[in-house]
Structures are given as C-alpha cells and as structure tokens.
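What you are looking at is a predicted structure, and each value in this text was computed from that prediction instead of being measured. Residue numbers count from 1 along this sequence.
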Amino acid sequence: MAGTAMTATFLAVLAGASLLAVTARRLRPNDRLPSLEGWALADRSLGPLWTWMLLGGTIFTAYTFTAVPGLAYGNGAPAFFAVPYTVLVCPLVFVLLARLWTVARRHGYITVADFVRGRYGSAPLALVVALTGILATMPYLALQLLGIRAVLTAGGMYPAGATGDLVMVALFAGLAVATYRHGLRAPTVISALKAVAVFVSLTAVTWLVLVRLGGPGAVFEGAAQRLGSPALLLSPAHRPAYATLALGSALALLMYPHVLTAGFASDGSRTLRRTAAALPAWTGLLALFGFLGIAALAVGVRAPEGTAEAAVPMLVDRLMPGPLAGLVFGAITVGALVPAAVMSIAAATSFVRNVYVEYVHPTATPKRQVRIAKSVSLTAKVGAVAFVFGLRDQDAINLQLLGGVWILQIFPAVAVGLYTRWLHPRALLAGWGVGMVAGTFLVVREGFSPIVPLGTDGPLEIYVGLVALLLNLTVAVAGSLALERLRVPRGADLTDLPPRLTLRRRPETGANNP
C-alpha cells in the first residue's frame, strides 16, 4: 500500500510538471516574430520572483541534492564545502552577473561569448569560450539523468533492463517537447513547482528525521559511531582543500552557460541583485540535504558500493510514509528537469550564435537561428540519455569534474574583461590553452581527484582548478606585457565600457511573466 501511495504521489508531481511545461506559452503569449532572444532568454522579461526560482532551480541541480548528502554519508565534514561555495556565488551574482547583464542588454548579447567577441574583437577567443562552455555543459547535463536514476532506483521505480531505460526516456520526452516549443519559458514555469515541492518536502522530511531519531544531537552521535568522530569535523589538514574547493567551484559555477542564461533572462540588473540577496535560501536547503546524508549514516542505511548518492533516497524510502516519499522523489526528479532544460538551451544557443552564425551561415535569419537552436537542444538531450545508457556512471562524474576545471579557464576573459581590457586577446588564448592542458593533466594524474598536493613534506592540498587558473593568469599577464612591448595590435572594443556602468531599470510592463 505504501509503495502504491508513493508511486501515485510521484506520478502526480511529474504530471503537474508536464502540464506546466506544455502550457508555458499561454502564460505570456508572444506575438512577435521568432527570435533567439525570445526562445533562449524569454525576451529578458523575468521579474525577481521568477528569476529567483529559475536561477536557484538551475544552480541547485538534482545531482547536487543527491551527491552532496552522498558525500556527507561517505566522508563527513568535507562534503559541506558546497555550502560556503554556494554562499560565495551570491556576491558574484550581485556584482559580476548584474554588470554583465547590463552590457549584454545594451548590445543585444545573448551568450557570454558574444560579450567576449565584442569586448576584445577576437573571433578565436570568443570561439574557445563558447566551445569550452558547451564541452563543460554536456557531462553536467548527463549527471542530471544519473540523479534521476538514483532516485528512481532507491524508490523501486526503475525496473531492470530496457524497461527502466524506457522510464528515463519517457521522463525526458515531455521535457524535450516543451523546451523545443517554448524555450526557456518551459523550465521557468517548472522551476515554480520545483521550488514549492523541494522546500515543502525537505522541511517535512527533516522534521520527521529529527522526531524519529531524537534530535540533531542523536543524529550526529549515531553518525560519529559509524563514521568516526574525526570525520564529522574538518581537520586542519583538510582546510586548504576545503577553502580552495569552495572558492574555485564558486568562480567556475558563474561561468557555466546555463547559469548565465538564467541570469540574462531577468528583466534588469536590479532584479539580479534582489535575486542574489535571496539565493541563500537555496543554500539552506542544500545544507539540510547534507544533514540528511549524516542522518542516513546514523540510521544505518547501507548504500550499494560506489552509489553513495542513493543514501538519502534510501533513507526517505525507509522512514517516510508513502505519499511523503513520493513527494520527495518527485521533487528531486523535477529538480533535474529544470537545469537539464536550461543546460540544453544554453549549449544550443552558444552553438548557434558563436559557431553556426559566426562560421557557417553569417546571414541566417532569426527564424532559422531559432530552428537550428531547437534542433541542437533536442540533440543535446538525446546525447545525454545515450551517454548515460552507454557509459559507466563514473565516466560522467569524471568528465563533469574535468568540466569544472575547464570552465574556470574562461574566467579571465569574462570576469576580468568586465573591468579592464588590458589583457591581450592572444595572451588570453595562450593562458586558456595552458590552463586547459595543465588542469586536465593534473586531474587525470591524480586519478580524477579535484585535489592536488603541493610539496613533498606535509603536502598542502588545494583545488586543481585554482592551480590551472593561476597558471592561466600568469601566462595571460606575461603574454600581455610581451605583446604590449612588441606593439601587437588588438581588436576593436565594441562594448566601450565606462569605468562605472549606468544601471537603468527597464519598464515593468509584463516583467513578472515568463
């Protein structure tokens, strides 16, 4: 009976998400001619509430909600680096993303590579920025499917063999159709259901766990007995890795195309600043998920070897009544649909704007650009599904780890370029190349670990992405000095950024409609 109630609630949540996605266009009819800005950015019309739900729903993915508690279940305190890392994202959104939105709106830029192209006048630099974003996004998209599969498997709703694969395909089919038709408006309206479902279900689950286990003290005491009390505390030796991992991950996250796409869809820089002030609510949610990983350890959940991300779904299945368990599983599954849709839209938009139009069909009409973007978005989803079915889960995790290191290498061109144009585009290209090669080499050499030791006696361990970024910046600065001495010309600056941007708010007409 409990299993039937759980499945019914789960299906009801998914049905609600599908209904919202299919009717997304009706919330704000668009009678204008098709445009990539309308399809990919919802005409830059999202007000504070919609931006908060979409940006939070995009940043906090389903895999995050399963991987962080899984890491806490297996390793204890180090897993909570994700909490300060997502806190650090908030001031970056407040300062960098708000400024970047103003430049993008003024010049009609849709992707971050558009900004790089205009700022430095360098087509090759814009191309590597776009391709790096696409390359880093694809394994991240596949991880959303892994999160869904972990949830369905723990809840007994993922049959073995081809039947389970069909369940996964069916879940993504509705998303693919809605995104193809309505673009960013589809994940925007789904993000509202995600926010409500996740906040309500997690609050209920946390309350029930505390009641049944006797409070937070009993939870941590039980976890310490199984994991060992030192693992529940951050040792001095782990602090450099913890701090650099949090900082590097925050810098990298803001460079991902799906995060920038969600930010560009807002109706103003002031909206983004308001959103940044409210984003810590999502961070609190992530901290509770991490706590549930500790709770799973305390009650003796035994996740299969190599699948620690299943710990919290297994905890929910064990302790919660059927309807509540179904709500939690449905919320996490819907939580994967929002970022997956935005990721596919962002990758498709980057391809169309910075590869197809730039190098293949410069005279493509807006209607043709939208049509190509829709096809590429659909192809990205199909590719992610095929990737998950064809390769081991660890392959996707390893590639996503590399993706975080790779995407960090465009930070100098984007973030530094918002404030100064002194770095030469050729030097930035050289720095990018060095960072990509060095970062990839270090990650692979360490067995796909995000931490690299420095030194031999009592080695200091830090995040490999920051090491690669420091090498990147060193080459970019040294190269710029050399090229300036040689008087090598650079491209024209089409953005003409003043030292301080004048921030103007757009009219509020229709601002709160997706």
Side-chain angles (χ1 to χ4, degrees), residues 81-82 84-89 91-93 95-97 99-100 112-113 115-116 119-120 122 124-137 139-140 239-257 259-260 398-446 448-455 459-481:
F81 84 91
Y85 134 50
T86 52
V87 170
L88 290 173
V89 169
L92 293 176
V93 171
V95 177
L96 294 181
L97 190 52
R99 183 177 176 96
L100 187 58
V112 70
F115 163 74
V116 171
R119 182 62 163 159
Y120 297 98
S122 172
L125 184 60
L127 178 63
V128 301
V129 167
L131 293 180
T132 302
I134 295 172
L135 185 64
T137 296
Y140 212 164
R239 290 172 187 170
Y242 185 94
T244 56
L245 193 57
L247 176 60
S249 299
L251 297 179
L253 182 65
L254 199 65
M255 296 295 103
Y256 274 103
V259 176
L260 293 168
N398 290 342
L399 285 175
Q400 198 277 329
L401 171 62
L402 278 172
V405 175
W406 293 337
I407 201 66
L408 194 53
Q409 305 317 308
I410 70 172
F411 189 85
V414 178
V416 177
L418 276 172
Y419 295 92
T420 177
R421 197 171 170 267
W422 180 78
L423 292 175
H424 198 284
R426 296 187 183 181
L428 285 169
L429 268 173
W432 170 84
V434 169
M436 292 285 285
V437 172
T440 303
F441 170 77
L442 290 173
V443 168
V444 175
R445 189 191 69 177
E446 296 301 319
F448 287 93
S449 170
I451 304 301
V452 58
L454 298 181
L460 177 70
E461 294 184 331
I462 64 173
Y463 176 46
V464 66
L466 280 185
V467 175
L469 179 60
L470 290 175
L471 291 174
N472 182 342
L473 286 169
T474 301
V475 171
V477 171
S480 296
L481 288 172

Nearest atoms (heavy-atom pairs only) where [X] meets [Y]:
X	Y	answer
Pro257	Ile407	CD-CD1, 4.3 Å
Pro450	Leu401	CB-CD1, 3.5 Å
Phe411	Met255	CA-SD, 3.9 Å
Pro124	Leu429	CB-CD1, 3.9 Å
Val464	Val452	CA-CG1, 3.9 Å
Ser249	Phe81	OG-CE1, 3.8 Å

Drop me the distance from [X]'s [atom1] to [Y]'s [atom2], to the nearest 0.5 angstrom.
X	Y	atom1	atom2	answer
Gln409	Leu469	CD	CG	5.5 Å
Arg239	Glu461	CZ	CD	14.5 Å
Leu125	Arg119	CG	CZ	12.5 Å
Leu253	Tyr140	CG	OH	6.0 Å
Leu418	Leu97	CG	CG	9.5 Å
Leu88	Leu251	CG	CG	8.0 Å

Working for side chain to side chain contact (heavy atoms under 4.5 Å, CB included), residues Leu131 and Leu127: CA-CA 6 Å; Leu131 293 180; Leu127 178 63; 3.9 Å; yes
Criterion side chain to side chain contact (heavy atoms under 4.5 Å, CB included) on Phe115 and Leu100, from CA distance to verdict: CA-CA 8 Å; Phe115 163 74; Leu100 187 58; 3.8 Å; yes
So, the side chain of [X] versus the backbone of [Y]: is there a donor-acceptor pair under 3.5 Å, distance only?
X	Y	value
Tyr463	Pro240	no
Tyr120	Leu423	no
Ser480	Ala427	no

Verdict with supporting geometry, Leu247 and Tyr242, side chain to side chain contact (heavy atoms under 4.5 Å, CB included): CA-CA 9 Å; Leu247 176 60; Tyr242 185 94; over 6 Å; no
Residues that Thr440 engages under side chain to side chain donor-acceptor pair (under 3.5 Å), provided they are two or more places apart: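 Partners of Thr440 under the side chain to side chain donor-acceptor pair (under 3.5 Å) test: Trp406.
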Lys/Arg cation over aromatic Tyr419: Arg99, 6.0 Å, 45° cone: yes
